[in-house]
Amino acid sequence: MPLSEFTLLTVSAKQYSYKLKAYAGLFNKLIITQILVSLLLAFAGFSQMSSFGFDTLSVSFLLYSGDMVIACSFIYIASTAIFLTTKSYKRNELPLILNKTAGALSDAGFLLTIGVFAGITSSLAGNLLRVIVYFTSDLPRVFVEGFYLSASELLLGLVAAILYMLLFAALGYFIGIITQISAAFIFILPVTFWGTMNYYPEFSQALFNYFTAETSLPLFILKITVLVILLFGASLLGANRMEVGK
Amino acid sequence: MMVTALSSFLFLILVALLLVLALKNILPARRLKLRIHLTWRMSLSLAGLYLGILILLVPVSCLLPRDAFFQPDESGIQADLLGPSPIESLFVDSTPLTGDLANQPGFYRNGFFTFRAEGDNADKLLLQCDPNIYYTANTIFLEKKKSDDGEIEVHSYAGPQLINNMDCTKQILPPAISYKDGILSIAPATQQRLTFIQFNTDFTVRQFQARAEATPNMNSFSTMSGNKIIYIRIPKSMEIDIGPENSDDQIHLLHNE
């Protein structure tokens, strides 16, 4: 194939296809993580346990939700994104790299794929938890309220979880890229984060609420999409500053 | 407060991730010897299978029968609790309990004991009540039967015990009651612990729901505890001694005429 036929998009697409095959094992690890967390939640119980009592009777409530599965998937996606920028991963793809932009674009494509997969599966894992609890718990002690999810809740959860996954993927990739540019960021980032939280709590709270307190889905989609594009864009620029193979 | 806790959690994640990243860059790469080798086809097929199973679980979880679950019945039981209590007429009239108290709205019979009055003290009854029995909202009613059948009957009833809209009345254990040599001992039931499971929607859904639909605040749960009755029926000719530790205010004698 003549060299002139290699456009940035075709190269990125080929690298994306290669990475999807090469890093297919990352999907398995995500699945194992989600199943383990679901089983742990179903059998060990979780979270806000409140007790009430009158005389000889005390009543406790165990609250179940798929929150932990989603949170663990966030961590997994962010760490995957960071690892994609490390030297050991970059060495594997060295023979295929024509330029850093194509490499970063294919990384972004792979992260979007695994992010969408993680968003869908972590959201649906709540049903896995429900089915496990249904067959393993004393049903007269399980509230019917909250057990059944409506189609709209399911769809809303899917969309929001996918968007959050993409955000964490973009954030992780950005952190990975800038720490590859300079190792000093390994110390600068947590210090900045900690400093902002402690010395500018209103600002960090406002920043946090900007996404998590958004109750309008279209606005939430817009905010996350813009931020994801910005983070991947910044990562792309950062990747171009690095040498091939770094 | 929640934001601070979550920010701290995110900070911890960030530090952990960066620590792993730093270690991965500093330390030489060590591969785990024990590995299961899967081809990319197998890995992606597994991912597809997992996704398929999760999608299949959506209709499965919707089709699970509802009957077996705990379904609070708010309206009826609260009306019973708020309505006139049959116990009030007992205090006012001191008349015997007419009919079965368990059939009265708002009362549930959780225990029934019978003892044969035998031995030297068969014609006397000494009540020995653990002081805690009164702290646990129990009221004792004592009534002489019309006949001398030689049997002591003890009925235990529980009024509505509510936590928010949840009725725990039928979960209340009866007091521990025993009879030996003319002494009827009454002690509170052993401590019970009930654990209920409540499912919440994920935070990714709660974010877009109205505040009222969001996670219930467990600290705002209210409790309502109804009276409990210990109703003792003894043979007609049996002498009653309520014991030095009990007073007439605590043990109500009903006139069976």
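By convention in this document, chain letters (A, B, ...) are assigned in the order of the sequence lines, proteins followed by strands, and residues within each chain are numbered from 1.
When heavy atoms are compared at a cutoff of 4.5 Å, A/Tyr148 approaches chain B solely by way of its side chain, counted from C-beta outward. For B/Phe203, the parts sitting under 4.5 Å from any heavy atom of chain A are the backbone and the side chain alike. For A/Phe211, the part lying near chain B is the backbone, with the side chain staying farther off; criterion is any non-hydrogen pair under 4.5 Å. When heavy atoms are compared at a cutoff of 4.5 Å, A/Ser137 approaches chain B solely by way of its side chain, counted from C-beta outward. Within the 4.5 angstrom heavy-atom criterion, only side-chain atoms of A/Leu154, from C-beta onward, approach chain B. Using a 4.5 Å cut-off between heavy atoms, A/Val159 makes no contact with chain B at all.
Your options are A/Phe74, A/Phe27, A/Tyr134, and the one with the most heavy-atom pairs under 4.5 Å with chain B is A/Tyr134. Most heavy-atom pairs under 4.5 Å with chain B: of the set A/Leu129, A/Thr121, A/Asp138, this distinction falls to A/Thr121. Taking B/Val58, B/Asp67, B/Ile53, B/Ile55 one by one and counting their heavy-atom pairs under 4.5 Å with chain A, the maximum is reached by B/Val58. Listed options A/Val142, A/Leu155, A/Leu156, A/Ile70 were ranked by heavy-atom pairs under 4.5 angstrom with chain B; first place goes to A/Val142. Per-residue heavy-atom pair counts under 4.5 Å with chain B were compared for A/Val133, A/Ile120, A/Leu20, and the maximum is reached by A/Val133.
Judged purely by distance below 3.5 Å, without hydrogens or angles, the side chains of B/Ser61 and A/Asn127 pair a donor atom with an acceptor atom. Counting only N and O atoms by type, the side chains of A/Tyr76 and A/Gln34 include no donor and acceptor under 3.5 Å apart. Inspection of the A/Thr113 and A/Tyr16 side chains reveals an N or O donor paired with an N or O acceptor under 3.5 Å.
The shortest non-hydrogen separation linking A/Phe117 to A/Leu30 is CD2-CD2, 3.6 Å. The minimum heavy-atom distance linking A/Leu41 with A/Ser65 is given by the pair CD1-O, 3.8 Å.
The side chain to side chain contact (heavy atoms under 4.5 Å, CB included) test with B/Pro175 is passed by exactly one of B/Ser156, B/Ser185, B/Pro188: B/Ser156.
Taking the six-membered ring for Trp and the full ring otherwise, the centers of A/Tyr23 and A/Phe110 sit less than 6.0 Å from each other.
Using a 4.5 Å cut-off between non-hydrogen atoms, the part of residues 215-223 of chain A that approaches chain B consists of A/Thr215, A/Ser216, A/Leu217, A/Phe220.
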For residues 161-170 of chain A, please give each side-chain donor-acceptor pair under 3.5 Å, one per line with the distance, not counting sequence neighbours.
| residue | atom | partner | partner atom | Å |
| --- | --- | --- | --- | --- |
| A/Tyr164 | OH | B/Gln207 | OE1 | 2.6 |

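For the pair B/Arg109 and B/Phe112, the cation sits on the ring face: its NZ or CZ lies under 6.0 Å from the ring centre, inside 45° of the axis.
Every side chain to side chain contact (heavy atoms under 4.5 Å, CB included) that B/Leu173 has, sequence neighbours left out, goes to B/Ala189, B/Thr190, B/Gln192. Listed by chain and number, the residues in a side chain to side chain contact (heavy atoms under 4.5 Å, CB included) with A/Ile188 are A/Ala184, A/Phe185, A/Thr192 (sequence neighbours excluded).
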